[in-house]
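In what follows, a single structure is set out as structure tokens and then discussed.
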Amino acid sequence: MENRTATRGWNFKENKKLVSASGLTVRSVLNKLMSCVDPADTRPVIPLGHGDPSSFPCFRTTPIAEDAISDALHSATFNGYPSTVGILPARRAVAEYLSQDLPFNLSPDDIYLTIGCNQAIEVLLSALACPNSNILLPTPGFPYYEAWALFTHIEIRHFNLLPEKEWEMDLNAVESLADENTVAMVIINPGNPCGNIYTDQHLKKVAETARKLGILVIADEVYAHLAFGSKPFVPMGIFGSIAPVITLGSISKRWIVPGCRLGWLVTNDPNGILKEHGVIDSINGYLNISSDPPTFIQGAIPQILQKTKDDFFSKIVNMLREGADICYDRIKDVPCITCPSKPEGSMFVMVKLHLNLLKDIEDDLDFCLKLAKEESLIILPGVAVGLKNWLRITFACEPSYLEDGFQRLNSFYQRHAKKQ
């Protein structure tokens with residue numbers, strides 16, 4: 001057959017929105033950092049930029065979860081397609097599990113199962129993406145919200161978290177940013193990337209602000225119950241009677257099984273406001289055209305939620321507390337970084353980078369790229385979570401890795417410190 005050249009040129013091209021949005025994710029930044037690691041460096045890479053401690057033996061999941069997944073898989077009961085919102089036993093189990101911390105009982109109809117918490121974000125933002133809508137996002141925050149808002153054409157407006165107030169939300173800024181097209185604000189508690197825990201008084205003010213503005217609260221609680229400081233974890237759903245709250249969560253962090261990709265989107269709305277305004281129909285509509293979490297993982301959920309013992313949770317929280325203590329103490333030994341408040345939850349801490357003490361370092365991204373190359377140490381630059389010239393450090397790893405990591409960080413500082 002004759003090989004002919006197209007005369008009109010090709011009609012397809014890149015989706016610039018998708019390319020732009022993907023550049024806003026933590027994963028893309030971590031991949032860039034890993035590509036800078038010197039292959040000639042024989043030392044192990046120290047991963048203090050991730051949110052997945054499952055590769056460390058001390059953070060292995062409970063045998064209850066492993067057995068539940070194995071049992072579900074071998075039962076041959078969960079080989080078919082699930083309902084678009086999730087199978088009923090799994091939704092019932094999630095409803096019962098979350099209702100333990102609420103003043104009202106959730107029903108299975110309030111639960112929508114998703115492929116991890118990331119898909120829950122995709123579902124909800126797609127459901128809210130009406131023409132001219134805007135959403136209020138925290139700075140610093142989890143960049144997946146920004147990426148998906150950009151992709152779904154929702155305008156993004158940022159409010160600050162206040163480091164001098166243990167990263168509380170600037171609710172005055174929230175009020176000033178909102179208008180008649182604002183649909184929601186996002187709160188992440190326990191905090192990613194800040195490691196903070198919000199008090200019930202602050203959460204109530206958040207709900208009251210949302211009611212005043214006529215918007216819903218998106219409560220990202222993927223790190224729920226991973227609290228080890230003076231403040232207990234309080235779910236935002238407690239205040240669902242003040243303003244509608246949609247809670248996002250998963251089994252990824254508390255059970256240390258991020259690879260299972262099982263999350264949930266939950267409506268805390270005893271007044272029925274979300275249904276009245278069509279949000280429930282929009283959520284169902286998106287789920288009808290999207291993929292579902294694996295059925296056998298859903299089948300394991302009742303056993304995982306009902307049978308995991310408290311000693312497993314205590315062990316995870318104690319390890320996180322130990323890691324946070326090491327991290328907070330070692331930060332004090334590196335002059336070019338400071339920490340505004342000790343982390344009390346999640347797996348991260350934000351530290352301020354003092355460029356005036358460094359030479360040949362342009363900004364936080366340059367710092368992290370050179371750190372990866374010279375020390376095989378991966379730390380996430382603050383620009384990846386919206387706060388330039390800060391760093392997000394993970395303490396969810398083996399204590400020996402933390403100690404080694406901070407030794408390398410100090411060596412890097414000594415090499416790049418300005419002469420006094």
Evaluate the side chain to side chain donor-acceptor pair (under 3.5 Å) criterion for residues W255 and T308: first the C-alpha distance (whole Å), next the side-chain angles of each, then the deciding distance (0.1 Å), finally the verdict.
CA-CA 9 Å; W255 282 267; T308 302; 3.0 Å; yes
Is the backbone of [Y] close enough, under 3.5 Å, to the side chain of [X] for a donor and an acceptor to pair up by distance?
X: D220; Y: V222; value: yes
X: R392; Y: G49; value: yes
X: D170; Y: L161; value: no
X: T25; Y: S28; value: yes
X: D110; Y: L106; value: no
X: D364; Y: V383; value: yes
X: Q298; Y: A90; value: no
X: T394; Y: H50; value: yes

Determine, step by step, whether F233 and Y223 satisfy the ring-ring contact (aromatic ring centres under 6.0 Å, His included) criterion, reporting the C-alpha distance in whole Å, the side-chain angles of both residues, the deciding distance to 0.1 Å, and the verdict.
CA-CA 10 Å; F233 165 71; Y223 292 95; over 10 Å; no
Name the one of E221, E344, M347 that satisfies side-chain contact (heavy atoms from CB on, under 4.5 Å) with L226?
M347
Other residues, nucleotides and ligands only: do more than 12 of their heavy atoms fall within 6.0 Å of [atom1] on [X]?
X: R27; atom1: CZ; answer: no
X: K373; atom1: NZ; answer: no
X: F406; atom1: CZ; answer: yes
X: K332; atom1: NZ; answer: yes
X: E362; atom1: CD; answer: no

Let's go through N389 and H354 carefully: what are the C-alpha distance in whole Å and the side-chain angles of both, what is the deciding distance for side chain to side chain donor-acceptor pair (under 3.5 Å) to 0.1 Å, and is it a yes or a no?
CA-CA 8 Å; N389 294 331; H354 300 285; over 6 Å; no
Let me have the donor-acceptor pairs involving side chains of residues 200-211, under 3.5 Å, with sequence neighbours excluded, atom names and distances please.
{"from": "Q201", "atom 1": "OE1", "to": "T199", "atom 2": "OG1", "distance (Å)": "3.4"}
{"from": "H202", "atom 1": "NE2", "to": "M169", "atom 2": "N", "distance (Å)": "3.1"}
{"from": "T209", "atom 1": "OG1", "to": "K205", "atom 2": "O", "distance (Å)": "2.8"}

Are [X] and [Y] packed together at the side-chain level, in the sense that at least one heavy-atom pair is separated by less than 4.5 angstrom?
X: P258; Y: S54; value: yes
X: L380; Y: V29; value: yes
X: I256; Y: P53; value: yes
X: I393; Y: C327; value: yes
X: P138; Y: H158; value: no
X: V266; Y: I246; value: no
X: L262; Y: S250; value: no
X: I69; Y: F296; value: yes

Which value, rounded to the nearest 0.5 Å, describes the distance between [X] atom [atom1] and [Y] atom [atom2]?
X: I379; Y: I46; atom1: CD1; atom2: CD1; answer: 10.5 Å
X: I316; Y: T61; atom1: CD1; atom2: OG1; answer: 7.5 Å
X: I304; Y: E66; atom1: CD1; atom2: CD; answer: 10.0 Å
X: L391; Y: F367; atom1: CG; atom2: CZ; answer: 5.5 Å
X: L33; Y: L30; atom1: CG; atom2: CG; answer: 6.0 Å
X: Q100; Y: L305; atom1: CD; atom2: CG; answer: 9.0 Å

Chi angles and distances behind the side-chain contact (heavy atoms from CB on, under 4.5 Å) call for V349, C339:
CA-CA 8 Å; V349 63; C339 179; 3.5 Å; yes
Kindly give the heavy-atom pair with the smallest separation between [X] and [Y], and that separation in Å.
X: G405; Y: L48; result: CA-CD1, 4.4 Å
X: P340; Y: M350; result: CD-O, 3.5 Å
X: A93; Y: P302; result: CB-CA, 3.7 Å
X: L265; Y: A120; result: CD1-O, 3.8 Å

R330 vs N410, side chain to side chain donor-acceptor pair (under 3.5 Å): CA-CA, chis, key distance, verdict
CA-CA 9 Å; R330 298 300 176 267; N410 209 5; over 6 Å; no
If the threshold is 4.0 Å, N to carboxylate O, is there a salt bridge linking [X] and [Y]?
X: R157; Y: D179; value: yes
X: D311; Y: K309; value: no
X: R415; Y: E375; value: yes
X: E166; Y: K231; value: yes
X: K307; Y: D67; value: no

Between the side chains of T182 and N134, does any donor sit under 3.5 Å from an acceptor?
yes
Under a plain distance cut-off of 3.5 Å, with no hydrogens placed, do E122 and Y144 share a side-chain donor-acceptor pair?
yes
Return the orientation label for the F142 and Y145 ring planes: parallel under 30°, perpendicular over 60°, tilted otherwise.
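F142 and Y145: perpendicular rings.
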Side chain to side chain donor-acceptor pair (under 3.5 Å): which pairs involve residues 269-288, sequence neighbours left out?
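Checked against side chain to side chain donor-acceptor pair (under 3.5 Å) - neighbours excluded - the pairs reaching residues 269-288 are T84-N288.
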Just one of F348, W390, Y198 clears the ring-ring contact (aromatic ring centres under 6.0 Å, His included) bar with W167, so which one?
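With W167 as partner, F348, W390, Y198 yield a single ring-ring contact (aromatic ring centres under 6.0 Å, His included), made by W390.
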Step by step, work out the side chain to side chain donor-acceptor pair (under 3.5 Å) result for W264 and T247.
CA-CA 8 Å; W264 49 74; T247 299; over 6 Å; no
Whether R91 engages the ring of Y112 as a cation-pi pair (distance to the six-membered ring centre under 6.0 angstrom, angle to the ring normal within 45°) should be assessed.
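So R91 doesn't make the cation-pi contact.
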